[in-house]
Amino acid sequence: MPIHRILIVDDSATERYYLTDILERNGYAVSSAETGEAALLKIRADKPELILMDVVMPGPNGFQVTRAIARDTTLQDVPVIICSSKSQETDRIWGLRQGAKDYLVKPVDAAALLACIAALDLAELKRSAAPGESS
C-alpha cells in the first residue's frame with residue numbers, strides 16, 4: 001500500500017509547517033505531534049504509514065521514540081525517517097540502529113525527502129510482490 005498518511009514529530013512549529021507544506025503539495029495527508037509522548041499516543045490511536053521524526057525534543061527524544069516504535073510489534077511496520085539538525089555521522093548511524101529507515105539532516109531538502117518516501121514505497125511494493133510474502 002503506498003504511503004499517504006504521514007505523521008511529523010517535531011517541537012519546532014517552523015519545521016512542522018515547512019515539512020507539512022512540502023508533503024501536502026505532493027498529495028500526502030499530514031498530521032503532527034510536538035513531543036515524543038504525544039507522538040506515541042497519536043501513533044497508537046491512528047497508525048500513520050510513515051513518521052518523520054526530529055531528534056531533539058522535550059521528553060523522550062527522537063532516538064528513544066524510534067526505538068520504542070521498532071520494538072513494538074503493533075507499530076514496527078511503520079517506517080521512520082529521522083529529520084534532525086544533528087549532522088554527525090555517528091548520529092545518523094545511531095538513528096538507523098534505533099530502527100529508522102533513513103536519516104535526513106535539516107534543513108531537509110524537499111527533493112531528498114520525496115525521494116526517500118518514493119524509495120520506501122518501492123521497497124514495500126517489491127516486498128509485498130515477492131513470492132511467498134503476504135501483506
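Of all heavy-atom pairs between A33 and L7, the closest is N-CD1, 4.0 Å. When every heavy atom of P79 is checked against every heavy atom of K101, the shortest pair comes out as CB-CG, 3.7 Å. Summarising the geometry of A100 relative to T66, their closest heavy-atom pair is N-CG2, 3.6 Å, with the distance given to 0.1 Å. Nearest heavy atom pair, residue S87 against residue V105, reads CB-CG1, 3.7 Å.
Atom CD1 of I51 sits about 3.5 Å away from atom CD1 of I69, to the nearest 0.5 Å. I6 contributes atom CD1, which lies 7.0 Å from atom CG of L113 (distance to the nearest 0.5 angstrom). Note that NZ of K86 and NZ of K106 are 11.5 Å apart. Values are rounded to the nearest 0.5 Å. How far OH of Y103 is from CD1 of I93: 10.5 Å, rounded to the nearest 0.5 Å. Within the model, atoms CD1 of I82 and CG of D54 stand 9.5 Å from one another, a figure rounded to the nearest 0.5 Å. One distance of note links CG of D10 with OG of S84; it measures 9.0 Å at 0.5 Å rounding.
Comment: D77 does not engage R127 in a salt bridge, judged by the lack of any side-chain N to carboxylate O separation of less than 4.0 angstrom. Comment: K42 does not engage D46 in a salt bridge, judged by the lack of any side-chain N to carboxylate O separation of less than 4.0 angstrom.
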Would you please test L75 and I43 for side-chain contact (heavy atoms from CB on, under 4.5 Å) and show each step?
CA-CA 8 Å; L75 302 178; I43 294 163; 3.4 Å; yes

From CA spacing to verdict: side-chain contact (heavy atoms from CB on, under 4.5 Å), L23, I117:
CA-CA 10 Å; L23 296 168; I117 296 170; 3.6 Å; yes

Can you list the steps and then say if L114 with Y28 is a side-chain contact (heavy atoms from CB on, under 4.5 Å)?
CA-CA 11 Å; L114 296 171; Y28 296 100; 4.1 Å; yes

Please determine whether side-chain contact (heavy atoms from CB on, under 4.5 Å) holds for the pair Q98 and V80, giving the CA-CA distance in whole Å, both sets of side-chain angles, and the decisive distance to 0.1 Å.
CA-CA 10 Å; Q98 302 315 300; V80 175; over 6 Å; no

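Judged by distance alone, with hydrogens and angles left aside, the side-chain atoms of R5 form no donor-acceptor pair with the main-chain N or O of A29 at under 3.5 Å. For the pair D121 (side chain) and I3 (backbone), a donor-acceptor distance under 3.5 Å is present.
Under the 4.5 Å side-chain criterion, counting only non-hydrogen atoms from C-beta, I81 is in contact with L120.
Heavy atoms from other residues, nucleotides or ligands lying under 6.0 Å from CD of E89 number more than 12.
Linking Ile, Leu, Val, Met, Phe, Trp and Tyr whenever their side-chain heavy atoms come within less than 4.5 Å leaves L50 and M53 in two separate clusters.
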